[in-house]
There are 2 protein chains.
Amino acid sequence: MALEHAILVCLSEQDLSGYDLAKQFDTSIGFFWHASHPQIYRELRKLKDQGLLVSTDHSQVGKPNKTVYSLTDTGREALFAWSQRAVEPPAVKDELLVRLYALDDIDRPALMAQLHDRLEKHQERLRQYRRIKETQYASPDLSSRQQGKLIALEMGIRYEENWVSWCEEALETLTNRA
Amino acid sequence: MALEHAILVCLSEQDLSGYDLAKQFDTSIGFFWHASHPQIYRELRKLKDQGLLVSTDHSQVGKPNKTVYSLTDTGREALFAWSQRAVEPPAVKDELLVRLYALDDIDRPALMAQLHDRLEKHQERLRQYRRIKETQYASPDLSSRQQGKLIALEMGIRYEENWVSWCEEALETLTNRA
DNA sequence: GGCAACATGTAACTTGTTACATGATTCC
DNA sequence: GGAATCATGTAACAAGTTACATGTTGCC
């Protein structure tokens with residue numbers, strides 16, 4: 001129901017090929033809505049059939065040709081209409097938290113190792129977000145589009161900070177009670 | 001790949017019917033791993049076929065009969081083996097954050113209303129988590145199983161606190177820049 | 001009698017993942 | 001020659017949602 005709209009969001013800023021979109025969904029907007037390339041190509045076909053996108057072939061020098069997609073007026077209207085619809089908070093789905101529910105029946109040392117691993121991953125992600133903020137959003141006057149992205153990025157930063165401190169405390173608590 | 005394991009986690013604590021499991025996945029463990037009832041019944045059948053669960057019919061007075069599932073030894077081993085496998089951090093997927101990426105092309109007043117709505121929902125969820133903590137985890141000596149659940153609940157509380165403060169700040173920023 | 005909660009399911013569909021498949025170009 | 005990156009796809013499967021379907025019991 002919504003990869004469709006996330007694609008419209010990406011294309012509202014600039015025309016992109018499937019490959020470029022896949023890269024966006026692996027970084028940038030991908031921090032808040034991930035998608036794999038088979039899913040993207042499948043969705044592009046559907047959106048084109050619905051008339052929300054048009055495609056044009058671009059030949060490139062030194063690289064293989066690519067098919068670039070652009071929003072149609074109908075596509076931009078669909079994006080606007082979608083933006084008016086209510087959204088539910090996303091459901092949390094985390095295997096690590098589920099494992100904590102069975103603390104008696106799982107491998108404790110393995111869990112500790114997994115918490116360490118998570119801690120490191122969230123630290124790395126946090127560094128990445130902070131780097132992006134410094135390099136791309138440091139200017140005092142941002143366009144409103146950039147402003148929006150920055151607000152989302154702030155959520156990313158807090159989210160990772162939260163994970164980092166939670167992992168640290170969880171490790172401490174579990175060590176003391178071992 | 002993992003509802004299967006979340007069910008094993010639930011049944012490692014106590015035997016449950018499909019209906020009871022559905023309730024757990026709507027509250028409790030459901031805060032960290034949600035599942036709908038068709039999915040649960042489908043999974044129970046598979047787990048039973050694999051020999052990880054057995055079912056027994058329980059006749060009840062004053063209520064319809066139910067089928068109660070219990071872990072087999074194989075099931076408990078599968079749970080332990082799963083707990084040793086590495087876990088990836090879950091992907092964030094949030095339409096509201098995606099909308100911020102297209103701040104120029106969406107309905108701004110609608111977005112503000114959605115942020116208000118989210119704020120209220122996260123506040124409510126936070127109240128709920130705090131109530132659970134006070135009523136169910138206030139005791140100084142918790143079993144190790146309860147300890148684990150409390151650590152997960154702490155994540156839930158921080159997660160919601162984070163959302164609440166982010167929503168407040170996002171609303172403020174967007175109001176000033178309107 | 002009607003509603004809410006209990007209890008269990010199926011069918012159809014959408015969404016998402018993994019593995020496979022192909023071929024171009026650039027750089028070492 | 002081989003690896004990396006660019007570029008686009010298909011096929012099969014797994015996971016998740018929504019709507020439909022059925023019947024019980026307790027309570028007002």
Side-chain angles (χ1 to χ4, degrees), chain A residues 1-8 15-27 29-30 32-50 53 55-69 82 85 87-95 98, chain B residues 1-8 15-27 29-30 32-50 53 55-69 82 85 87-95 98:
Chain A
M1 64 173 184
L3 170 57
E4 180 185 334
H5 301 110
I7 289 176
L8 297 179
D15 297 349
L16 292 167
S17 66
Y19 187 80
D20 294 332
L21 275 166
K23 275 193 297 183
Q24 297 266 305
F25 279 100
D26 225 35
T27 56
I29 203 170
F32 310 114
W33 198 279
H34 176 266
S36 59
H37 83 268
Q39 226 191 322
I40 290 165
Y41 285 112
R42 187 210 271 157
E43 211 62 40
L44 284 172
R45 208 182 317 122
K46 268 168 54 183
L47 288 167
K48 198 182 160 185
D49 290 348
Q50 290 169 37
L53 306 180
S55 66
T56 42
D57 287 350
H58 283 231
S59 45
Q60 301 180 108
V61 272
K63 285 178 187 174
N65 294 352
K66 60 179 175 181
T67 311
V68 171
Y69 294 86
W82 165 73
R85 299 220 298 259
V87 262
E88 284 304 303
V92 176
K93 273 210 165 183
D94 196 321
E95 290 195 41
V98 169
Chain B
M1 64 172 187
L3 170 56
E4 182 185 333
H5 302 111
I7 289 176
L8 297 180
D15 298 349
L16 292 167
S17 66
Y19 187 82
D20 294 332
L21 275 165
K23 274 194 296 182
Q24 297 266 307
F25 279 100
D26 224 36
T27 56
I29 203 171
F32 311 114
W33 198 279
H34 176 266
S36 60
H37 84 269
Q39 226 191 324
I40 289 165
Y41 286 111
R42 187 210 272 157
E43 213 62 40
L44 283 171
R45 207 182 318 121
K46 269 169 52 185
L47 288 167
K48 198 183 160 185
D49 290 348
Q50 290 170 37
L53 306 180
S55 66
T56 42
D57 286 350
H58 283 230
S59 46
Q60 302 180 107
V61 271
K63 286 178 187 175
N65 294 353
K66 60 180 176 180
T67 311
V68 171
Y69 294 86
W82 164 74
R85 300 221 296 259
V87 262
E88 283 305 302
V92 175
K93 275 211 163 181
D94 196 321
E95 291 194 41
V98 169

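These numbers come from the heavy atoms of this one structure, side chains and all, not from hydrogens, waters or symmetry mates. Letters go in sequence order (proteins before strands), and every chain restarts at 1. Note that the structure is predicted; figures quoted are calculated from it, not measured.
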Return the [atom1] to [atom2] distance between [X] and [Y], rounded to the nearest 0.5 Å.
X	Y	atom1	atom2	result
A/Gln39	A/Leu21	CD	CG	12.5 Å
B/Leu47	B/Glu4	CG	CD	5.0 Å
B/Ile40	B/Gln24	CD1	CD	9.5 Å
A/Lys93	B/Phe32	NZ	CZ	14.0 Å

5'-most by nearest nucleotide on DNA chain D - A/Pro38 or A/Lys23
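So the residue in question is A/Lys23.
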**Q.** Residue pair A/Trp33 / B/Glu95, side-chain donor-acceptor N/O under 3.5 Å
**A.**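 No, no side-chain donor-acceptor pair sits under 3.5 Å.
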What is the distance from [atom1] of [X] to [atom2] of [N], rounded to the nearest Å?
X	N	atom1	atom2	result
A/Asp57	D/dA7	CG	P	13 Å
B/Asn65	D/dT24	CG	P	11 Å
B/His58	D/dT25	NE2	P	18 Å
B/Tyr69	C/dG9	OH	C1'	10 Å
A/Lys66	D/dA7	NZ	P	5 Å
A/His37	D/dA11	NE2	P	14 Å
B/Lys93	D/dG16	NZ	P	11 Å
A/Asp20	D/dT8	CG	P	8 Å

Open item on the list: Once salt bridge (charged side-chain N to carboxylate O under 4.0 Å, His left out) is applied, what residue pairs with a partner in residues 17-27 of chain A remain, sequence neighbours excluded?
Closed with: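 Applying salt bridge (charged side-chain N to carboxylate O under 4.0 Å, His left out) to every pair that reaches into residues 17-27 of chain A, excluding sequence neighbours, yields A/Asp20-A/Lys66.
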Any side-chain N or O of [X] less than 4.0 Å from the OP1 or OP2 oxygen of [N]?
X	N	result
A/Tyr19	D/dC6	yes
A/Ser17	D/dT8	yes
B/Thr67	C/dA7	no

| said: Evaluate B/Val98 against A/His5 for side-chain contact (heavy atoms from CB on, under 4.5 Å), listing each step before the verdict. | reply: CA-CA 9 Å; B/Val98 169; A/His5 301 110; over 6 Å; no
Name every residue in residues 39-47 of chain A that has at least one heavy atom under 4.0 Å from any atom of DNA chain C, in order of residue number, or write none if there are no such residues.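 Of all residues in residues 39-47 of chain A, the ones placing a heavy atom under 4.0 Å from DNA chain C are A/Gln39, A/Arg42, A/Lys46.
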